[in-house]
Amino acid sequence: KQEVTQIPAALSVPEGENLVLNCSFTDSAIYNLQWFRQDPGKGLTSLLLIQSSQREQTSGRLNASLDKSSGRSTLYIAASQPGDSATYLCAGPYSSASKIIFGSGTRLSIRP
Amino acid sequence: GAGVSQSPSNKVTEKGKDVELRCDPISGHTALYWYRQSLGQGLEFLIYFQGNSAPDKSGLPSDRFSAERTGGSVSTLTIQRTQQEDSAVYLCASSPGQTDEKLFFGSGTQLSVL
């Protein structure tokens, strides 16, 4: 049974800091892994998708990596800004032929 | 359409009534997923479709919950005899399929059972 765990559950840092969010999973059959952000009262916005043949993806100040051997993914946020405050969720790993399991999320707060 | 569309955005119902929640995926997306998010909680998987078939219904909480998808497009999640514990945000997502697994979410339906 696939389990996805996110650590920490909550994080508060001052503006400008670099930070790392962690996602670990138990299923060794690793396919794709996706990171999302969710703002309060809103739906989910996709941030980065790491496909099975990839090890990392970058978009602006965000970098996500996938380590299949250790069953972990990290989301790195550089030079954090107050607008980055949200809940960050990871989903997977998954393929189109499977259900997609989400972690419980990391609630991030960036202090001005 | 431009994105995943869910309707209604808000639904208030009385305990014991049936409700139907609708999801219009992005045109051409073959995979469709339903999730439930209770207040302050993570996403709970309910069911997913590949085309019109539902290979995995294991997340449906009880036999009061059912879902269908027709024409490989629109999906309806039906909750019969609603209970107060059914109150949550119901989220739908779609994905293009095997060549590109990126998930796109709708804004959700906020269901309140009084």
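Atom set for the values below is all heavy atoms of this structure, side chains included, hydrogens, waters and symmetry mates excluded.
Connection of A:L89 to A:Y76 is not established within any shared hydrophobic cluster, with ILVMFWY side chains joined at heavy-atom distances below 4.5 Å, either directly or through further cluster members. B:V19 and B:L91 sit in two unconnected hydrophobic clusters of ILVMFWY residues. Membership requires side-chain heavy atoms under 4.5 Å apart, directly or through other members. Linking ILVMFWY side-chain heavy atoms closer than 4.5 Å, directly or via other members, places B:V4 and B:L77 in two distinct hydrophobic clusters. Two different hydrophobic clusters hold B:I26 and B:L21 under the rule that ILVMFWY side chains link at heavy-atom gaps under 4.5 Å.
For chain B, the nearby parts of A:L44 are the backbone and the side chain; heavy atoms of each come within less than 4.5 Å. Residue contact with chain A, scored on non-hydrogen atoms closer than 4.5 Å, is absent for B:Q110. Looking at A:Q38, only its side chain comes within 4.5 Å of chain B, counting heavy atoms on both sides.
Residues A:I101 and B:L43 have side chains not in contact (no heavy-atom distance under 4.5 Å, counting atoms from C-beta outward). Annotation: side chain of B:F45 is not in contact with side chain of A:F102 (no heavy-atom distance under 4.5 Å).
For B:L39, the CG atom sits in a loose shell: 12 or fewer heavy atoms of surrounding residues, nucleotides or ligands are nearer than 6.0 Å. Within 6.0 Å of CD in B:E14 there are 12 or fewer heavy atoms belonging to other residues, nucleotides or ligands.
For the residue pair B:L103 and A:S46, the shortest heavy atom distance occurs at O-CB, 4.0 Å.
A:I100 CD1 to B:D56 CG: the interatomic distance, rounded to the nearest 0.5 Å, is 11.0 Å.
No side-chain donor-acceptor contact under 3.5 Å links A:Q34 to the backbone of B:K102.
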